[in-house]
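The chains referred to below are lettered A, B, ... by the order of the sequence lines, with proteins before strands, and numbering in each begins at 1.
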Amino acid sequence: MSWLLRRNMLPLHSNSLARRPFASPLPLPPASLPSPRETHIWYVVPDELKDASLLYQYMELLSPCERQSVLRMNGERLQKGALLARALVRTTLARYTDGRLSPKSFKFQKNRFGKPEVEWDKYDLWAPPPLQFNISHTSTMIACGVTLDLPIGIDIEEKQRKTSNNILSLAHRYFSPVEVAYLKTLADPECRQSEFIRLWTLKEAYVKALGRGFSGTPFKDFTIRLEASNSKQVTGELKSDAPSIVVEAVDDPGILMNRWQFALFELNNSHYTAVCMERDVKNPDGENNSLKLEVWRTLPFVEDECVTETDAVKNIIR
Amino acid sequence: MRKRGTPPNRALRARRPPEISPPVRSLPLAFSLSSDRSMASISGTVTATSVRPRLTSRAPVVKGFSGLKSVSFSIQRNGFPSVRLQAAPRQRRFQVSCAQAKPETVQKVCEIVKKQLALSDDTPVSGESKFSTLGADSLDTVEIVMGLEEAFGISVEEESAQSITTVQDAADLIEKLVEAKSS
């Protein structure tokens with residue numbers, strides 16, 4: 001790893017390298033598999049990483065190809081983010097294999113639309129769990145969502161994110177007419193800004209769950225909204241007949257695509273987070289149950305904290 | 001011995017295009033080595049200069065970086081045949097690819113991209129830079145496209161926008177659209 005030092009690509013203090021030998025990573029605590037209704041979310045806050053030797057440990061987990069991709073990123077900050085993202089995916093998936101697979105051993109492939117997925121090896125005496133995952137990152141957080149055998153998409157955006165272009169210009173260009181109309185009803189510019197970002201994360205999560213990404217599923221072709229049609233605003237309050245987030249095709253309004261369920265919430269007080277998961281139709285209760293979330297804050301090999309019932313996960317709308 | 005009419009290296013540095021700083025060892029933004037690596041050209045708004053760099057053994061060319069910050073070269077005085085000032089049309093094209101966009105267009109795209117992604121001024125962004133490696137997500141990309149439309153007075157269709165992965169792609173598309181618009 002010393003070549004990384006020569007190229008000055010990692011922020012290093014000389015004493016951290018001199019005193020700490022290159023320790024093998026601590027084993028990851030195993031995690032129980034997600035149930036059919038659940039999405040598990042593991043997130044990393046890059047700024048919490050103070051120990052540079054951890055970056056070496058993470059780099060060791062990556063395939064040569066992934067390392068190349070990390071190093072192609074423009075600048076130290078983006079390289080660190082890319083490295084953490086790959087380390088997060090690998091360590092997260094490894095947790096669900098009961099110690100049988102190490103983070104390093106995972107292989108990945110892309111589906112025909114370019115969505116990354118796990119390429120599972122065949123084992124004689126053990127069937128690996130059919131995990132599906134998706135990641136999203138901003139400069140201040142990386143999140144990985146995992147399900148058991150159900151397509152999933154996740155998207156996070158900083159709450160404070162500002163757009164360079166006018167919100168309505170962006171919406172007219174990229175959103176469906178129903179969504180534009182909704183944004184127009186919001187008089188307060190800050191409210192409009194935050195609703196735009198939240199809607200963006202929902203739409204991103206949906207296209208990522210579909211597996212076709214932004215280019216494969218034009219945003220204009222579908223509407224995401226609350227089911228209660230006279231609800232003016234997506235609020236955090238749970239009502240007794242709480243509206244739910246639904247998606248419909250612009251060409252086929254009123255036919256809700258029930259196959260997909262959503263959750264929208266705030267993570268770590270800093271990010272709007274949207275999750276889209278395919279409904280488990282094999283389960284007879286699947287139709288009626290909303291998406292269940294379990295969330296952990298992690299710094300792989302250092303610390304894991306379950307934050308599901310805490311303030312780190314709030315204002316959940318499903 | 002210097003030939004008559006060729007300026008000394010000192011004067012050459014003084015006549016260097018303004019955007020190249022610090023001196024010779026670092027490269028301006030829109031620069032790429034030609035395929036045989038023995039000849040490179042620097043173009044700028046003031047003069048067009050053709051020099052023969054010699055790559056030193058201490059400065060390996062690093063592949064895979066979208067910016068070229070890590071490449072350095074020095075102009076050796078020993079055995080250095082001559083330094084000639086050449087007018088722009090006669091110089092070898094400094095872009096290896098078949099791209100035809102003008103340097104000014106590429107430069108303008110770089111500016112818009114840097115602004116959208118809030119990159120510092122000294123972040124190297126060139127035609128070869130990929131939006132993804134610069135840290136652009138899908139919202140950034142659509143904002144960049146809208147910024148380019150406004151700056152160049154064009155309209156980009158979604159299908160074309162999806163095929164843009166580098167700054168060069170954007171510049172080429174812009175010029176195609178501008179040309180189509182004016183014809």
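Top candidate by heavy-atom pairs under 4.5 Å with chain A, chosen from B:E149, B:K115, B:E150, is B:E149. Put simply, of B:L139, B:D137, B:T141, B:D140, the one with the most heavy-atom pairs under 4.5 Å next to chain A is B:L139.
A salt bridge does not link B:E143 to A:R173: none of the charged nitrogens lies less than 4.0 Å from a carboxylate oxygen.
If you measure heavy-atom distances from B:L119 to chain A, you find no contacts under 4.5 Å at all. Of the two parts of A:L78, only the side chain, counted from C-beta on, holds a non-hydrogen atom closer than 4.5 Å to a non-hydrogen atom of chain B. B:S132 touches chain A through its backbone: at least one of N, CA, C or O sits under 4.5 Å from a heavy atom, while the side chain does not. If you measure heavy-atom distances from A:R77 to chain B, you find no contacts under 4.5 Å at all.
Heavy atoms from other residues, nucleotides or ligands lying under 6.0 Å from CD of B:E111 number more than 12. Heavy-atom neighbours of B:E157 CD from other residues, nucleotides or ligands within 6.0 Å: at or below the threshold of 12. Within 6.0 Å of CD on A:E158 lie more than 12 heavy atoms contributed by other residues, nucleotides or ligands. Heavy-atom contacts from other residues, nucleotides or ligands closer than 6.0 Å to CD of B:E179 number 12 or fewer.
Remark: side-chain polar atoms of B:Q116 are not paired, donor with acceptor, to backbone N or O of A:S164 under 3.5 angstrom. The backbone N or O of B:P124 sits less than 3.5 Å from a side-chain atom of A:N74, completing a donor-acceptor pair.
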